[in-house]
Enquirer: 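To start, I am sharing the structure in question, which I have written as structure tokens.
Because the structure is predicted, anything quoted here is derived from the model rather than measured. Letters A, B, ... are given to chains in the order of the sequence lines, protein chains preceding strands, and every chain is numbered from 1. The figures here come from the full heavy-atom set of this structure, side chains too, leaving out hydrogens, waters and symmetry mates.
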Protein chains: 2
Amino acid sequence: MAANASGDGTVGKALDVLDQVAAFGRPVRFAELQAESPFPKATLYRFVQTLTNQGMLSFDRERNTYALGVRLVRLAHAAWEQSSLAPIARDEISRLADDVGETVHLAQMDHAQVLYVDKRDPERPVAMFSQAGKVGPAYCTGVGKAMMAWLDEESLCRIVPQQSFHRFTPKTLTNEIALRKELANIRDRGFAYDDEEHEPGIICVALPILSPRGRVLGALSVTTSTARKSLSELETLVPRIRLCAQSIGTEAEAWRFPDQISKEVRTA
Amino acid sequence: MAANASGDGTVGKALDVLDQVAAFGRPVRFAELQAESPFPKATLYRFVQTLTNQGMLSFDRERNTYALGVRLVRLAHAAWEQSSLAPIARDEISRLADDVGETVHLAQMDHAQVLYVDKRDPERPVAMFSQAGKVGPAYCTGVGKAMMAWLDEESLCRIVPQQSFHRFTPKTLTNEIALRKELANIRDRGFAYDDEEHEPGIICVALPILSPRGRVLGALSVTTSTARKSLSELETLVPRIRLCAQSIGTEAEAWRFPDQISKEVRTA
DNA sequence: TAAAAAGTTCCAATTATTGAAACTTGGTTT
DNA sequence: AAACCAAGTTTCAATAATTGGAACTTTTTA
């Protein structure tokens with residue numbers, strides 16, 4: 001809830017203000033920001049002015065309120081296109097969702113959290129930002145556990161201590177030891193479950209998306225409700241999901257490093 | 001193509017770097033940025049480091065490339081939710097798309113450009129470059145013209161000179177005089193056409209979304225191809241679209257200013 | 001109408017930014 | 001294998017920006 005105190009100079013502080021506005025989730029008055037800001041009035045005021053000038057915040061002069069600006073939406077579209085798996089995985093995911101007839105999620109790690117970058121719902125197709133951009137906990141979601149299970153120890157040591165281990169349901173893993181054990185199981189098994197650990201009645205199977213070299217790029221999950229399917233029924237879909245995950249991993253490598261061919265030519 | 005030279009202190013300069021990276025549309029090396037940056041090496045280097053620390057850029061240590069970071073996607077989700085019409089208009093647009101059986105776009109102005117914030121495609125996706133977060137020209141799109149037609153003169157004087165007036169098709173309006181005349185027609189008519197002005201074979205009708213007080217909040221369009229429908233056929237949909245636009249405008253006012261009722265009560 | 005709160009500006013002390021240059025690293029050529 | 005080149009990274013004193021207390025103006029509340 002408190003500010004980051006990121007330390008990254010002026011730019012870091014200004015970006016903290018952005019997060020603060022985002023946290024409100026609604027247009028916010030200057031005084032409201034001031035009340036819980038570590039910065040003195042004049043400093044915060046200049047930040048807010050600068051960000052507004054820059055289009056990162058929008059100002060409603062009738063109500064004197066600030067909200068996140070449209071420049072962010074524009075930038076995010078570019079971010080989504082160039083640094084997420086979503087555009088690469090797009091067609092693969094659609095096909096997967098059609099085949100399995102259940103909701104498919106595509107996620108990546110964002111610091112210690114899970115960031116959903118795409119979603120395919122066979123019932124009703126939805127627009128991009130409504131779903132993409134949402135964040136969730138890593139320790140109690142299928143995609144989160146799938147990614148962590150294949151991360152190197154160094155990354156895990158950063159990420160695991162940042163988990164809240166809040167008990168959402170009776171089945172939520174609520175401490176590091178239980179999570180570590182689960183991650184080992186997942187690695188052995190080759191995929192992760194979410195057995196109602198985040199939401200009662202919601203289960204999923206998830207697989208990591210690995211680059212050919214074995215780096216964790218993201219994760220893929222198929223979600224359903226206990227009313228529709230059992231975990232063992234979900235498990236039968238794993239080979240199909242694995243196919244999709246592998247194909248995305250390969251494509252991602254090719255897409256991100258398209259110049260390796262011309263480079264080899266030069267070398268020859 | 002050149003940098004903004006925004007002037008807004010350190011923060012503005014750093015944000016310019018973000019735009020620069022976005023403009024590449026692919027992971028970019030430090031040297032590539034340096035080559036066309038107004039900042040000296042060390043300065044640019046620190047910007048890029050700061051932005052990476054902050055999660056606004058992501059760094060691929062295997063390839064030494066920078067891309068837009070996932071924090072942007074997260075922030076944009078919040079921006080989309082709190083400062084765009086999209087969440088308000090969501091259900092209305094879905095219903096409209098179902099009723100008319102054609103692609104529906106929801107757009108807002110972003111400086112002098114059109115920002116598409118949502119899209120609903122009932123059936124086969126026609127090949128077009130438009131998605132949430134994408135920007136387009138104002139002078140040759142239905143939504144752009146619809147918004148401009150109801151803007152105050154002051155805003156127009158800012159926006160119109162910034163139009164490129166690039167000729168996309170033989171029917172594109174290519175100067176301010178033609179555009180001004182068209183805007184007057186649109187105001188009289190009550191809605192805007194896009195008669196293959198941006199893409200050959202693509203036509204649409206567009207209506208502004210106005211607040212009850214008459215402020216331009218955005219625009220709504222129904223798009224099709226000349227192969228499917230004629231302009232006059234499209235025109236028959238206008239009353240239905242108008243209904244949708246009005247309802248969104250009313251809802252938006254209520255949502256953005258939910259306390260105006262209690263205020264009137266207090267005043268009375 | 002008065003009082004209080006919110007929003008805005010000012011300016012000297014402070015602090016961070018700046019950028020030329022030196023240094024390190026990784027890869028390519030001789 | 002050594003030398004070379006280019007890309008990436010760090011250093012540090014001069015410079016220029018940020019900082020924040022306080023005063024000021026505007027808007028809201030009593």
Enquirer: Quick one: is B:Thr10 getting a side-chain N or O under 4.0 Å of the D:dT18 phosphate, OP1 or OP2?
Expert: yes
Enquirer: Whole-Å distance between C:dA16 P and A:Phe47 CZ?
Expert: 12 Å
Enquirer: Find the distance B:Leu44:CG to D:dT10:P and express it as a whole number of Å.
Expert: 15 Å
Enquirer: Quick one: B:Asp60 CG to D:dG8 C1', roughly how many Å, whole number?
Expert: 15 Å
Enquirer: When the distance from CG of A:Leu33 to P of C:dA6 is rounded to whole Å, what number comes out?
Expert: 13 Å
Enquirer: Please state whether the rings of B:Phe39 and B:Phe47 are parallel, tilted or perpendicular, taking 30° and 60° as the class boundaries.
Expert: perpendicular
Enquirer: It should be established whether B:Tyr45 places a side-chain nitrogen or oxygen under 4.0 Å from OP1 or OP2 of nucleotide D:dG8.
Expert: no
Enquirer: Using the side-chain contact (heavy atoms from CB on, under 4.5 Å) definition, which of the options A:Leu68, A:Leu51, A:Asp16 pairs with A:Val21?
Expert: A:Leu68
Enquirer: How close or far is atom P of D:dA7 from atom OH of B:Tyr66, stated in whole angstroms?
Expert: 14 Å
Enquirer: What nucleotide among D:dA7, D:dT9, C:dA20 has an atom nearest to a side-chain atom of B:Ala42?
Expert: C:dA20
Enquirer: Work out which heavy atom in B:Ala89 is nearest to a heavy atom in B:Leu106; give both atom names and the distance.
Expert: CB-CD2, 3.8 Å
Enquirer: When you match B:Arg46 and B:Lys41 each to their closest nucleotide on DNA chain D, which lands nearer the 5' end?
Expert: B:Lys41
Enquirer: What pair of heavy atoms forms the shortest contact from B:Gln163 to B:Pro137, and how long is it?
Expert: OE1-C, 4.5 Å
Enquirer: Go through D:dG20, C:dT18, C:dT9 for me and flag the one nearest to the A:Pro40 side chain.
Expert: D:dG20
Enquirer: Heavy atoms only, 4.0 Å cut-off, all strands: where does B:Ala31 land among base, sugar-phosphate and nothing?
Expert: sugar-phosphate
Enquirer: Identify the heavy atoms of B:Ala138 and B:Met148 that sit nearest to each other, and give their distance.
Expert: O-CE, 3.5 Å
Enquirer: Round to the nearest Å and state the distance from B:Phe39 atom CZ to C:dT17 atom P.
Expert: 14 Å
Enquirer: Between D:dT19, D:dG8, D:dA17, which one does the side chain of B:Phe30 approach most closely?
Expert: D:dG8
Enquirer: Starting from C1' on D:dT19, measure out to NZ on A:Lys13 and report it in whole angstrom.
Expert: 8 Å
Enquirer: Can you tell me the distance, in whole Å, between the CD atom of B:Gln34 and the P atom of C:dA21?
Expert: 14 Å
